[in-house]
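Throughout, protein chains are lettered first and strands after them, A, B, ... in sequence-line order, and every chain is numbered starting at 1. Below, all heavy atoms of this structure are taken into account, side chains as well, without hydrogens, waters or symmetry copies.
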Amino acid sequence: MTVIVRFAPSPTGYLHVGGHRTALYNYLFARKHGGRFILRIEDTDQSRYVEGAVENLVKSLRAMGLDWDAGPDKEDEKGPYYQSQRLEIYQREIHRLISTGKAYRCFCSSERLAELRERQLAAGESPGYDGRCRHLDPQEAEKRALKEPHVIRMRVPDDGAMTFHDVIRGEITVEFSRVDDQVLMKSDGFPTYHFANVVDDHYMGVTHVIRGEEWLPSLPKHLLLYDDLGWEAPVFAHLPLLLNPDKSKLSKRQGDVAVEDYLAKGYLPQALNNFLALLGWNPGDNREIFSMDELIERFSLDRVNKAGAVFNTEKLDWMNHQYIQAMEDADYLKEARKWLSGIVLNDRGDAALLAVKSGLTRFDEIPDKLAPFVSRVSFPQEGEAAELMAAESTRTVLQTLKEKLQTQSLNNPAGFFPLMKGVQKETGIKGKNLWMPVRIALTGELHGPELNVIAYYLGNEEMIRRLEKALKGA
RNA sequence: GUCCCGUUCGUCUAGUGGUCAGGACUCAGGACUUUCAUUCCUGCAACAGGGGUUCGACUCCCCUACGGGAUACCA
């Protein structure tokens with residue numbers, strides 16, 4: 001049996017990192033087993049329609065390096081992959097359920113239901129449908145259905161219990177008395193998630209449903225539906241949730257949750273994938289950095305955790321840093337140049353970009369990191385830097401260096417060290433007193449990238465200009 | 001409220017009856033370095049609580065507490 005899995009988001013406008021992790025696990029599982037990975041759009045809620053949401057979703061998923069074998073942009077005979085385009089299928093199946101008595105028409109108004117719920121809550125009962133339309137005469141109901149708005153509910157057994165299996169959580173038993181007569185078809189003719197999901201998974205041949213833990217409580221309904229429809233149910237695996245720092249379900253209110261937000265900050269897709277893969281799953285050894293291929297090779301559902309995981313970006317930062325350091329220079333430069341945001345580098349820009357690499361956590365830090373190379377230097381007025389500039393030896397160092405720069409041109413970073421050695425020899429000043437004044441004069445800062453690269457990038461002319469400026473200030 | 005799921009360092013996690021409870025991030029200290037960063041070394045830091053079961057429980061069972069999820073004509 002070939003494995004078929006799916007990622008079935010509702011188009012809310014962006015790809016949620018939690019959703020992406022679900023997608024990733026499905027993808028890894030499919031690829032690991034040589035199976036198929038499907039993308040299906042669950043757009044059954046008309047009131048939630050968001051313009052361009054699907055395009056955005058597809059874009060983010062692709063940017064993250066996932067590809068699917070079938071989906072809204074890759075239709076095949078099992079499609080369409082938009083639920084809103086599968087309405088006839090749901091109609092057909094719901095009629096089967098009605099005819100076998102597994103579902104029934106319900107004419108209760110939403111006002112009555114809201115009232116009912118309120119009353120139940122007030123009385124300390126658990127809210128749920130009271131079954132008023134449960135025993136309407138079928139023929140009568142069909143007649144009313146012609147002109148009255150109504151929904152269609154599933155008929156859950158009155159008593160008994162169901163024991164089912166989840167790959168991650170094991171055996172779970174739920175009593176039917178706790179399961180509500182779920183609405184399957186809404187009054188607008190669209191199916192609810194619960195119904196569309198089961199029908200589509202069946203017809204698309206899904207063998208493993210890997211989804212978030214928020215669906216675990218409704219699994220009995222889904223299982224019942226498979227049974228009522230006479231279908232074999234797939235294997236279920238409910239993933240632990242991604243959490244806010246306060247342990248609640250990861251939400252927009254407490255920080256960025258869209259994949260595109262993280263991409264926009266300069267996290268590398270593979271770093272984000274790697275990080276997310278390890279949030280709720282581990283390979284069983286102490287390794288933490290994995291390529292996509294390695295993740296595919298090592299992924300398995302039985303090493304997925306049960307408990308939710310806090311989405312904490314500290315480790316993501318570290319991981320992104322690792323990925324940046326591991327980049328080939330050419331790749332790094334190509335990427336880094338996308339993040340200049342207006343900064344114009346001279347023809348020695350590559351050297352500057354490379355010099356800044358070791359301290360880079362995210363690519364959006366590039367402009368800041370580049371400041372020592374490109375910003376106009378302001379002379380320090382106070383603090384340690386000012387003190388150093390006021391030192392007696394400083395003037396001598398700067399003056400001597402300036403003179404050397406007037407006669408010897410600097411054509412590579414390595415050339416700066418001998419130059420400074422010359423200054424040291426001539427002035428007898430060394431160590432901190434030699435290097436710091438030069439750094440401050442050239443960059444205005446106490447700290448920064450390697451001075452030899454800064455010197456090379458600036459070139460003789462600019463260095464002389466800055467030294468003169470510093471000499472005047474000093 | 002009710003049902004379901006969960007609970008190992010601050011965070012991500014390893015661990016399936018006998019371990020000095022391991023690793024990673026963060027943090028602190030140190031080494032290297034002309035600064036910063038990188039890198040390396042060292043250190044701080046955890047089995048929610050209570051009962052069982054057992055010669056022996058982080059590991060198995062029960063209870064409690066706490067956290068989360070679900071309780072919609074949203075997914």
Side-chain angles (χ1 to χ4, degrees), chain A residues 8-12 42-45 47-48 106 108-110 113-114 117 120-128 149-153 166 168-170 172-175 177-180 182-194 196-197 211-220 238 240-241 243 245-249 275 278-289 303 305-319 321 325 355-361 369 372 417 420 424 430-436 438-440 443 445-452:
Chain A
S10 67
T12 54
E42 311 233 324
D43 57 346
T44 56
D45 186 356
S47 64
R48 280 224 235 167
C106 168
C108 297
S109 67
S110 25
L113 294 173
R117 193 165 25 250
Q120 288 166 326
L121 247 14
E125 298 165 25
S126 44
H150 65 283
V151 300
I152 299 173
R153 292 179 181 273
D166 179 272
I168 294 164
R169 281 147 224 286
I172 300 168
T173 300
V174 173
E175 289 176 34
S177 61
R178 300 289 168 196
V179 182
D180 207 10
Q182 180 67 46
V183 171
L184 264 19
M185 291 296 272
K186 303 183 250 185
S187 54
D188 63 1
F190 276 68
T192 57
Y193 168 87
H194 306 281
N197 199 261
R211 64 195 347 177
E213 192 187 356
E214 68 266 30
W215 296 113
L216 194 54
S218 43
L219 182 53
H238 287 88
L241 261 20
L243 274 23
D246 72 356
K247 307 263 188 186
S248 57
K249 187 171 155 184
F275 175 69
L278 259 25
L279 230 46
W281 170 84
N282 76 82
D285 58 27
N286 285 332
R287 255 189 80 183
E288 298 201 288
I289 304 291
R303 292 204 67 88
N305 290 128
K306 292 178 170 70
V310 173
F311 183 80
N312 181 333
T313 54
E314 268 174 0
K315 196 159 186 173
L316 171 60
D317 282 343
W318 168 79
M319 201 169 269
H321 177 260
Q325 301 322 308
V356 125
K357 187 181 174 189
S358 73
L360 209 60
T361 295
K369 299 278 185 195
F417 191 71
M420 287 296 282
Q424 179 183 329
K430 57 183 179 174
K432 199 177 177 185
N433 290 330
L434 170 68
W435 291 88
M436 269 308 180
V438 175
R439 173 175 291 283
I440 297 166
T443 70
E445 301 286 340
L446 235 28
H447 310 300
E450 295 209 39
L451 210 43
N452 57 354

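- At the phosphate of B:A14, OP1 or OP2 sits under 4.0 Å from a side-chain N or O atom of A:Asn282.
- For the C1' atom pair drawn from B:C4 and B:C40, the interatomic distance equals 49 Å after rounding to whole Å.
- Across every strand in view, B:A57 sits unpaired, with no contact that passes the Watson-Crick or G-U test at under 3.5 angstrom.
- Counting to the nearest Å, the P atom of B:U33 and the CG atom of A:Leu446 are 19 Å from each other.
- For the pair A:Lys432 NZ and B:U35 C1', the computed distance is 9 Å after rounding to whole Å.
- Rounded to whole Å, the C1' atom of B:A46 lies 4 Å from the corresponding atom of B:C9.
- For B:A37, there is no paired nucleotide, since no Watson-Crick or G-U wobble pair has both relevant distances below 3.5 Å.
- Remark: A:Arg303 is not in phosphate contact with B:U16, judged by side-chain N or O atoms under 4.0 Å from OP1 or OP2.
- Side-chain atoms of A:Ser358 lie closest to B:A37 of the nucleotides B:A24, B:A37, B:C5.
- The same atom, P, is picked in B:A21 and in B:G49; the two are 16 Å apart, to the nearest Å.
- Nucleotides B:U13 and B:C47 are separated by 13 Å at their C1' atoms, to the nearest Å.
- Taking atom CG of residue A:Asp285 and atom P of nucleotide B:A24, one finds them 13 Å apart after rounding to whole Å.
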- request: Classify every nucleotide of nucleotides 64-75 of chain B by which part a protein heavy atom approaches to under 4.0 Å, writing B for the base, S for the sugar-phosphate alone and - for neither, in 5'-to-3' order.
  value: ---SSSSSSBBB
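- Counting to the nearest Å, the P atom of B:C3 and the CD atom of A:Glu125 are 14 Å from each other.
- For the pair A:Asn305 CG and B:U7 P, the computed distance is 9 Å after rounding to whole Å.
- The shortest distance between side-chain heavy atoms of A:Lys357 and A:Gln325 falls below 4.5 Å.
- A donor-acceptor contact shorter than 3.5 Å links the side chain of A:Lys186 to the backbone of A:Thr44.
- For the pair A:Trp318 CH2 and B:C12 C1', the interatomic distance rounds to 11 Å; values are reported in whole Å.
- In terms of modelled atom types and a separation under 3.5 Å, the side chain of A:Asp45 and the main chain of A:Ser47 share a donor-acceptor contact.
- For the P atoms, the distance from B:A24 to B:U19 is 22 Å, rounded to whole Å.
- If you take atom P in B:U26 and the same atom in B:G67, they sit 30 Å apart, rounded to whole Å.
- Of the listed nucleotides (B:U34, B:A14, B:G10), B:G10 has the atom at the smallest distance from the side chain of A:Glu314.
- The backbone N or O of A:Ala355 lies less than 3.5 Å from no partner atom in the side chain of A:Glu450, so there is not a single donor-acceptor pair.
- A:Trp215 and A:Tyr193 have parallel rings, their planes meeting at less than 30° on a 0 to 90° scale where 60° marks the start of perpendicular.
- Where A:Ile172 and A:Phe311 each meet RNA chain B at their nearest nucleotide, the meeting point lying more 5' is that of A:Ile172.
- Here the straight-line distance linking atom OG of A:Ser218 with atom CG of A:Asp180 works out to 12.0 Å at 0.5 Å rounding.
- Residue-level contact check: A:Glu450 touches the bases, meaning some heavy atom is under 4.0 Å from a base atom.
- Remark: C1' of B:C5 and NE2 of A:His238 are 11 Å apart, rounded to the nearest angstrom.
- Across the P atoms, B:U59 and B:G51 are found 13 Å apart, a figure rounded to whole Å.
- Candidate nucleotides B:C3, B:C12, B:C36 were compared by shortest atom distance to the side chain of A:Arg178, and B:C3 ranks first.
- For the pair A:Asn286 and A:Gly124, both in contact range of RNA chain B, the more 5′-proximal nearest nucleotide belongs to A:Gly124.
- When the shell of 6.0 Å around CD of A:Glu125 is examined, it contains more than 12 heavy atoms from other residues, nucleotides or ligands.
- Between A:Phe311 and A:Phe275, the ring planes are perpendicular. Angles over 60° get that label, and only those under 30° would be called parallel.
- Checking side-chain atoms of A:His238 against main-chain N and O of A:Lys306 turns up no donor-acceptor pair under 3.5 Å.
- Going from the C1' atom of B:C20 to that of B:G15 covers 15 Å, rounded to whole Å.
- A:Arg439 comes within 4.0 angstrom of a nucleotide base, judged by non-hydrogen atoms across all strands.
- Contacts of A:Leu434 with the nucleic acid, taken as non-hydrogen atoms under 4.0 Å apart, are absent.
- Distance, A:Asn312 CG to B:U13 C1': 13 Å, rounded to whole Å.
- In this structure, B:U2 forms a base pair with B:A70, meeting either the Watson-Crick or the G-U wobble geometry with both donor-acceptor distances under 3.5 Å.
- Base pairing annotation: B:U11 forms a Watson-Crick or G-U wobble pair with B:A24, both donor-acceptor distances under 3.5 Å.
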